[in-house]
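Accompanying notes for the structure given below.
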Amino acid sequence: MLDYLKDLNEAQHEAVVRTEGPSLVIAGAGSGKTRVLTYRIAHLLKQGARPSTILALTFTNKAAREMKERIASVAGENVARYLWMGTFHSIFARMLRVEHEVIGYPSNFTIYDSADSKSLIKTIIKGFQLDDKTYKPGVVASRISMAKNNLITPMAYASNADLKSADKSMRMPAISEIYKEYYKRCRLSGAMDFDDLLFITNLLFRDHPEVLEKYQERFGYVLVDEYQDTNYAQYLIIKKLAAKHNNICVVGDDAQSIYSFRGARIENILNFKNDYPEHRVFKLEQNYRSTQTIVNAANSIIAKNKRQIPKTVFSENDKGKPIKVLSALTDNEEGFLVAQEISQTQMRDHYQFLDYAILYRTNAQSRIFEESLRKRNIPYKIYGGLSFYQRKEIKDLLSYFRMTINRDDNEALKRIINYPARGIGATTLTKLETVAVEKETSIWNIIAALPDYNYAGLNKGTIAKIYNFVILIERFSQLTKETDAFEAAKRIAEHTGILKDLYNDKSPEGLSRHENIQELLNGIQEFSITAKEQGEPDKLENYLENVALLTDQDNEKDEDRNKVTLMTVHSAKGLEFKNVFVVGLEEDLFPSQRQGEKATLESLEEERRLFYVAITRARENAWLSYANQRYRWGNLDFCAPSRFLNELDENYLEGLNLNKQDSGNDDQQNRLGYGQTTQGFAHRQPPSAFKTRESQNIFNKKLVSLKESSQAKSSFEGDDPRRIQAGMTVEHQRFGEGKVLNIEGVAPNLKATVFFQNAGQKQLLLKFAKLKIKG
DNA sequence: GCTCAGGGCATTTTT
DNA sequence: TGCCCTGAGC
């Protein structure tokens, strides 16, 4: 019995079996955190705790699913099914649907994703006649998000002097008004945004103690994964829910807290001991993932950080090879070096492609590596960028679904009222929206009862078109009630003409859009089938409940398995690879080292942790690479390697060849800069680390040859005719691939002579010839 | 109501 | 370099 406990070391074992009272599990990178969490739950179940009394919260669907599967394999599927296990957002969305009456929302409330939020904010800004260059919707959205994460209501915001003066100094004094209006309109639309799911849960618990008590009573055990990433709203929910039984177990690693920009508070984990004086601490310090070299090198980076929970992460694995530093003079060379290393080590040491990951700070950095991998025919996959559920065609179809479930959903209505085109344009929509705002109701309520509103001043033709739209949605609503999710979805896709529309579009983009719709329908079919099998509700409404909370990483394809992974360091958290390249380590990419940015001690420490997270993804080998010079936004930029490279203990490195100099204290470093990064013509000076004569000479020599060849070398993808230059490879719809011989004229009358392999030399007016630029 | 030329702007991201 | 936004013009 309990043989699963045998897999655990002493610290892990303790953390699993001490189930009562508050527990803080400090889990260093690769120390078996997920294992402890799952075994702890399994252990609770074995000891007789009912699954429905266990609340386990994670940050991603993937983490929740994996944990659930592992528990199912230990404790049985029938038990695992009844656990309250999921992401913060999905669990509390579920709770809010049950408790909708108390908070004055419909149970079928829509969940607005960030695009919906932004678009609503944009309309509000326009409606207030504010300039959206000053009031950037994204910035306003993040202010509102910040407020909600800190449980500041619109009212509280308006009377908060600090926030108001901060807004004023950003020249956006009206944010508090926008917040108020945004909050109101979400309610009128029967919609919650992501932050609302936590914010309103907090309001629910604050204003309805009887509801809080019900859940406090229910959850005998509360477990939280990645506790260092919780924001204030999440922190408070957990604290309240666990207050009765006090069986709270949080697992996390302060050294991996890298999400402060989205409201995560490292204080939550640092202060756990104050919140629960009678707590126990379990430290998982043995790293099972990586070589000693990697673990020690990573430790040496965060050693400088002041605020941390003391711990000694160690590895008993092989010492392993030193971390290799690749210093390239240009970004192209960096890409080349990385691809070369992959080819060589892969052949020499028989690795598969899935054993490699390339990690970078920003998504935009992926391009150069894509290119270099493509040149060597190395298969790769990229995470990040446009997610499946964010694609236009998917959002359009989902908006139809949303409208059939919650007709007050203004954002959905605005997307589809004229898609496919039915002659209801922007002017009409503005009129309708104005009336809706005036009457404090949803647009649907206006168009469903147009005569009551004097037809909103519309002409006869338009009224008829709107009437048809209303009928269509009514019909779909009926349909979704009568049939299962798949049948309803399929019929909607057909009847709206979306499917046919995309089917007729034979361009590559149209083809892929059609495929995407098919893929979505397949997913819905799968949902319908499983729901039926498990005896759960199988209506479109039920499918829609969670789809807003899904992301790309929730549907990985099989054919993508054996490929090199390209992703940001942030999204690599929780993953591991045998071989990891941490690339683009220029100082310029780290705000704490960028001139003109205010670096706080906190942000500097977080960047060290980011670097720590990156390195500890590697099991066997790690590479660190940087380029001293790259094209950024059309300018030649000089970069120094990040200071974090200098902070690494060189005993663990191979190939670091810098003029190390005293880097001074953090404050001095923050004021160091190497010229300007402004847009325009300002160029940077070579960094001081390269000011020895020798390195300067190499630098200059390389630079000259680079400048000479940059024209021919430059390659990119896109179809902006302004970017087309002689020497480029382009693709034409009819003539296929060709080489641009010369360009004359200025836009819009750019003429290009292009040599096509199959069609000979052609003069094209770029205005009419769509050329896709190829790498 | 749609298309296209030109301007302007660029962290990290899960839900 | 890529791409989103907008206003002008059809």
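Chain naming here is simple, since letters A, B, ... match the order of the sequence lines and numbering starts at 1 in each. Quick caveat, the model's predicted, so the values are computed rather than measured.
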Looking at [X], I'd like to know whether one of its side-chain N or O atoms comes within less than 4.0 Å of OP1 or OP2 on [N].
| X | N | value |
| --- | --- | --- |
| Asn61(A) | dT15(B) | yes |
| Thr568(A) | dT13(B) | yes |
| Asn231(A) | dT14(B) | no |

Categorize [X] for me: base, sugar-phosphate, or nothing, with a 4.0 angstrom heavy-atom threshold over every strand shown.
| X | result |
| --- | --- |
| Lys136(A) | sugar-phosphate |
| Thr427(A) | nothing |
| Ala426(A) | sugar-phosphate |

[X] [atom1] to [N] [atom2]: how many Å, rounded?
| X | N | atom1 | atom2 | value |
| --- | --- | --- | --- | --- |
| Asn149(A) | dT15(B) | CG | C1' | 11 Å |
| Asn363(A) | dT11(B) | CG | C1' | 9 Å |
| Met146(A) | dT14(B) | CE | C1' | 19 Å |
| Gln365(A) | dT1(C) | CD | C1' | 14 Å |
| Glu586(A) | dA10(B) | CD | P | 20 Å |
| Met567(A) | dT14(B) | CE | C1' | 13 Å |
| Glu371(A) | dT1(C) | CD | P | 10 Å |
| Asp131(A) | dG7(C) | CG | C1' | 15 Å |

Where the side chain of [X] is defined as all heavy atoms beyond and including C-beta, which of [options] is the nearest nucleotide?
| X | options | answer |
| --- | --- | --- |
| Lys122(A) | dC5(C), dT11(B), dT13(B) | dC5(C) |
| Arg367(A) | dG2(C), dT15(B), dT13(B) | dG2(C) |
| Thr362(A) | dT13(B), dC2(B), dT11(B) | dT11(B) |
| His89(A) | dT12(B), dT15(B), dC2(B) | dT15(B) |
| Arg361(A) | dT12(B), dT15(B), dT13(B) | dT12(B) |
| Asn418(A) | dT15(B), dC2(B), dT14(B) | dC2(B) |

Do [X] and [Y] have side-chain N/O donor and acceptor atoms under 3.5 Å apart?
| X | Y | answer |
| --- | --- | --- |
| Tyr112(A) | Ser119(A) | no |
| Arg265(A) | Asn149(A) | no |
| Asp113(A) | Tyr389(A) | no |

5' priority, DNA chain B, between Glu606(A) and Ala421(A) [closest heavy atom] =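 Checking each residue's closest nucleotide, the 5'-ward one belongs to Ala421(A).
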
The residue, Lys133(A) or Val569(A), whose nearest nucleotide of DNA chain B is more 5′ is Lys133(A)

Is it true that [X] and [Y] have a side-chain N and a carboxylate O under 4.0 angstrom from each other?
| X | Y | result |
| --- | --- | --- |
| Glu371(A) | Arg367(A) | yes |
| Asp116(A) | Arg415(A) | no |
| Glu605(A) | Arg608(A) | no |

(Q) Less than 6.0 angstrom from the centroid, inside 45 degrees of the normal: does Lys573(A) satisfy that with respect to the ring of Phe59(A)? (A) no

Q.
So, taking the atom named CG in Leu549(A) and the one named CZ in Arg94(A), what distance separates them when rounded to the nearest 0.5 Å?
A.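 Taking CG in Leu549(A) and CZ in Arg94(A), the distance rounds to 12.5 Å.
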
| message | Please give me the minimum heavy-atom distance between Thr462(A) and Asn459(A), naming the atom from each residue. | response |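 Heavy atoms of Thr462(A) and Asn459(A) come nearest at OG1-OD1, 2.7 Å.
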
### Task
Report yes or no: is there a donor-acceptor pair, N or O only, under 3.5 Å between the side chain of Thr87(A) and the base of dT14(B)?
no

Its dot-bracket string being built from Watson-Crick and G-U pairs below 3.5 Å, with | for another strand and [ ] for crossing, DNA chain B has the pattern ||||||||||.....

Under 5.5 Å and under 30°: Phe261(A) stacked on dT12(B): yes

